[in-house]
Amino acid sequence: MFQRNINRRVTKTKTKTVFLHLCPPIHSFFLSYRNFTAQSTSALDTAAAAADIATLVLESDPKSLRGSLHGLPLQFTPELVDKVLKRLWFHGPKALQFFKHLEYHPSYAHSSSSFDHAIDIAGRMRDYKTVWALVARMRARRIGPSSKTFAIIAERFVGAGKPDRAIRVFLSMREHGCPQDLHSFNTILDILCKSKRVEMAYNHLFKVLRGKFKADVVSYNIIANGWCLIKRTPKALEVLKEMVERGLTPTITTYNILLKGYFRAGQIKEAWEFFLQMKKREVEIDVVTYTTMVHGFGVVGEIKRARKVFNEMVGEGILPSTATYNAMIQVLCKKDSVENAVLMFEEMIKKGYVPNLTTYNVVIRGLFHAGNMDRAMEFIERMKTDGCEPNVQTYNVAIRYFCDAGDVEKGLSMFEKMGQGSLPNLDTYNILISAMFVRKKSEDLVVAGKLLLEMIDRGFIPRKFTFNRVLNGLLLTGNQAFAKEILRQQSKCGRLPRQFKL
DNA sequence: GTAGGGTTAG
């Protein structure tokens with residue numbers, strides 16, 4: 001019922017259906033994908049309403065937005081608001097505007113989960129003032145901040161290259177009225193380790209606070225994995241020793257972390273010996289162990305050994321998982337042949353496995369890589385038929401290989417097919433912008449410029465290199481006015497080269 | 001959002 005009302009409201013504003021290389025101004029292409037059909041179930045209702053509200057936010061005049069939102073004939077719910085925020089993910093300022101207007105809504109109050117989303121968005125934009133303002137408001141309303149909130153903030157600081165600030169965020173939790181515990185301790189350790197800051201995690205947090213929080217197996221596993229991620233397996237072994245000394249029993253996860261660590265560090269012999277040790281001792285080897293072995297052997301080209309391990313596991317009573325098949329298929333593509341990979345794919349289906357997104361993407365990449373464009377496209381169609389929608393990676397692979405093969409038109413047409421669950425990401429834009437230089441055509445450079453502006457509009461910050469390349473291209477082809485616009489944007493992004501002044 | 005396996009450019 002309310003669906004129709006929103007639609008009427010939205011359709012009043014003028015819609016620009018745009019394929020970006022045809023007509024400026026740059027406009028988010030998914031606006032042309034709006035779907036106004038009435039949906040039957042409530043989950044779909046929420047999704048459709050979220051899409052409509054997101055469009056409303058994007059198209060409304062900022063001054064009238066609050067009125068429009070407050071006047072909507074529908075009841076906002078936390079689920080709906082979260083979905084809208086997700087839709088506006090790449091329009092940070094708009095998303096925060098929407099969030100703020102709803103804070104003054106007469107009959108709706110934000111949930112803690114929506115606050116977390118808003119904080120995540122502000123953090124992504126590196127707008128820390130807003131981050132802390134939101135935290136304060138959460139606290140004032142007594143709906144947080146929670147340890148999840150702090151994990152989000154810490155992650156954003158780490159992502160912005162400020163791990164020391166992430167640590168301070170963790171240490172300040174109590175000041176913000178949020179108790180710390182072993183969980184939150186492990187979470188911050190993991191965030192640091194996953195970003196390859198194990199040294200910092202170990203020295204500044206783990207060593208100092210492991211007594212206070214009573215570090216457990218999980219804490220030690222996180223640190224061991226941290227060392228493995230930067231290929232320092234001897235340090236991971238030390239951690240293993242240390243945990244045993246402190247009376248903790250390593251789990252199968254601990255061993256799998258080390259096994260993977262050996263492969264990652266290129267220590268194939270050590271990995272094999274470690275695997276034998278695991279079998280010899282009373283460790284319950286599991287499917288993860290086998291998948292690690294298959295993948296590890298495969299990536300160094302030891303296909304026979306990979307196959308042997310793969311066959312052996314069934315004998316041991318451990319069934320391969322989809323991930324095991326994915327590992328096998330991937331290494332066949334890379335070190336054997338796509339034909340054999342496709343055979344493996346068909347075999348898994350015959351055995352009743354359901355391929356997932358990764359399975360398809362691995363096969364599709366393999367086919368493109370082998371120059372089998374048509375078969376790759378057939379697989380993309382096949383996955384859709386199987387109810388598995390292509391994602392960003394699927395499209396990025398297709399776009400990359402078409403462009404590399406000189407078929408820029410086909411690359412662009414794939415780009416235009418993206419939507420909903422597969423919005424372009426930073427890679428997509430980088431691939432496409434690079435492709436605009438191969439034909440050395442003036443029109444292509446204009447498209448490159450438009451893509452650059454669109455990516456900025458979506459919250460991606462292009463590298464200085466990308467800016468300069470596009471800028472030079474435009475200047476050389478006589479597009480001075482457009483170049484000037486790009487330069488203005490570059491300055492806004494803080495990526496201005498020294499010699500330029502506006 | 002406390003840990004381990006499978007997509008990312010030769």
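We name chains A, B, ... by the order of the sequence lines, and we start the count at 1 in each one. What you are looking at is a predicted structure, and each value in this text was computed from that prediction instead of being measured. Computed from heavy atoms alone, side chains included, the values below leave out hydrogens, waters and symmetry copies.
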| field | Between A/His176 and A/Phe150, ring centroids under 6.0 Å | value | yes
Whole-Å distance, A/Leu240 CG to B/dA3 C1', equals 14 Å
Query - Touch class at under 4.0 angstrom, heavy-atom based, for A/Asp404 against every strand present - result: nothing
Rounded to whole Å, OH of A/Tyr401 lies from C1' of B/dT8 at a distance of 10 Å
Classify A/Val294 by what it touches in the nucleic acid, base, sugar-phosphate, or nothing, heavy-atom distance under 4.0 Å.
nothing
Discussion item. Students often get this wrong, so: under 4.0 angstrom with heavy atoms, is A/Ile364 touching a base, only sugar-phosphate, or nothing?
Written reply: nothing
Indicate, with yes or no, if the rings of A/Tyr262 and A/Phe275 have centres closer together than 6.0 Å.
no
Winner on side-chain proximity to A/Ala323, out of B/dT2, B/dG10, B/dG5, is B/dG5
Item to check | Aromatic plane relationship, A/Phe170 with A/Phe185 - under 30° parallel, 30 to 60° tilted, over 60° perpendicular | outcome: tilted
Side-chain contact check for A/Val287: nearest option of B/dA3, B/dG5, B/dG6 is B/dG5
A/Gln393 atom CD is separated from B/dT7 atom P, nearest whole Å, by 11 Å
Base of B/dG5, side chain of A/Ser321 - is there a donor-acceptor contact under 3.5 Å?
yes
note: A/Leu426, atom CG; B/dT8, atom C1'; distance rounded to Å ~ 13 Å
Winner on side-chain proximity to A/Asn221, out of B/dT7, B/dA9, B/dA3, is B/dA3
Rounded to whole Å, the CZ-C1' distance (A/Phe297 to B/dG6) equals 17 Å
ask   = Does the gap between the ring centers of A/Tyr325 and A/Phe345 come in under 6.0 Å?
value = no
- Query: NA contact type, A/Thr292, heavy-atom cut-off 4.0 Å: base, sugar-phosphate, or nothing?
  - Reply: sugar-phosphate
**Request:** Establish, with yes or no, whether the OP1 or OP2 oxygen of B/dT2 is under 4.0 angstrom from a side-chain nitrogen or oxygen of A/Lys148.
**Result:** no
Out of B/dA9, B/dG5, B/dA3, minimum distance to the side chain of A/Asp427 belongs to B/dA9
Looking only at B/dA9, B/dG6, B/dA3, the nucleotide nearest the A/Val218 side chain is B/dA3
- Query: So, A/Phe415 versus A/Tyr395, ring centres under 6.0 angstrom or not?
  - Reply: no
Scan A/Val362 against the nucleic acid and name what it touches under 4.0 Å (heavy atoms): base, sugar-phosphate only, or nothing. sugar-phosphate
query: How would you label the contact of A/Leu357 with the nucleic acid (heavy atoms, under 4.0 Å): base, sugar-phosphate, or nothing?
result: nothing
Looking only at B/dG1, B/dG10, B/dG6, the nucleotide nearest the A/Thr322 side chain is B/dG6
To the nearest angstrom, the CG-P distance between A/Asp216 and B/dA3 comes to 11 Å
_When you measure only distances, ignoring hydrogens and angles, does the side chain of A/Asn326 come within 3.5 Å of the base of B/dG5 through a donor and an acceptor?_
no
Taken to the nearest whole Å, CZ/A/Arg365 to P/B/dG6 is 14 Å
Side-chain N,O (A/Lys334) to OP1/OP2 (B/dG6) below 4.0 Å: no
Do the ring planes of A/His110 and A/Phe115 sit parallel (below 30°), tilted (30 to 60°) or perpendicular (above 60°)?
perpendicular
| said: Base of B/dG5, side chain of A/Thr291 - is there a donor-acceptor contact under 3.5 Å? | reply: yes
Picking from B/dG6, B/dA3, B/dT2, the nucleotide nearest the side-chain atoms of A/Ala327 would be B/dG6
With A/Leu452 as partner, the option from A/Leu471, A/Asp457, A/Ile433, A/Val447 fulfilling side-chain contact (heavy atoms from CB on, under 4.5 Å) is A/Ile433
Picking from B/dG6, B/dG1, B/dT2, the nucleotide nearest the side-chain atoms of A/Lys260 would be B/dG6
Rounded to whole Å, the CG-P distance (A/Asn391 to B/dT7) equals 14 Å
(Q) For a quick check of understanding: with a heavy-atom distance under 4.0 Å over all strands, which category does A/Thr251 fall into, base, sugar-phosphate or nothing? (A) base
B/dT7 phosphate, OP1 or OP2, under 4.0 Å from A/His295 side-chain N/O = yes
Q | Sugar-phosphate only, base, or nothing, as touched by A/Thr324 at under 4.0 Å among non-hydrogen atoms | A | base
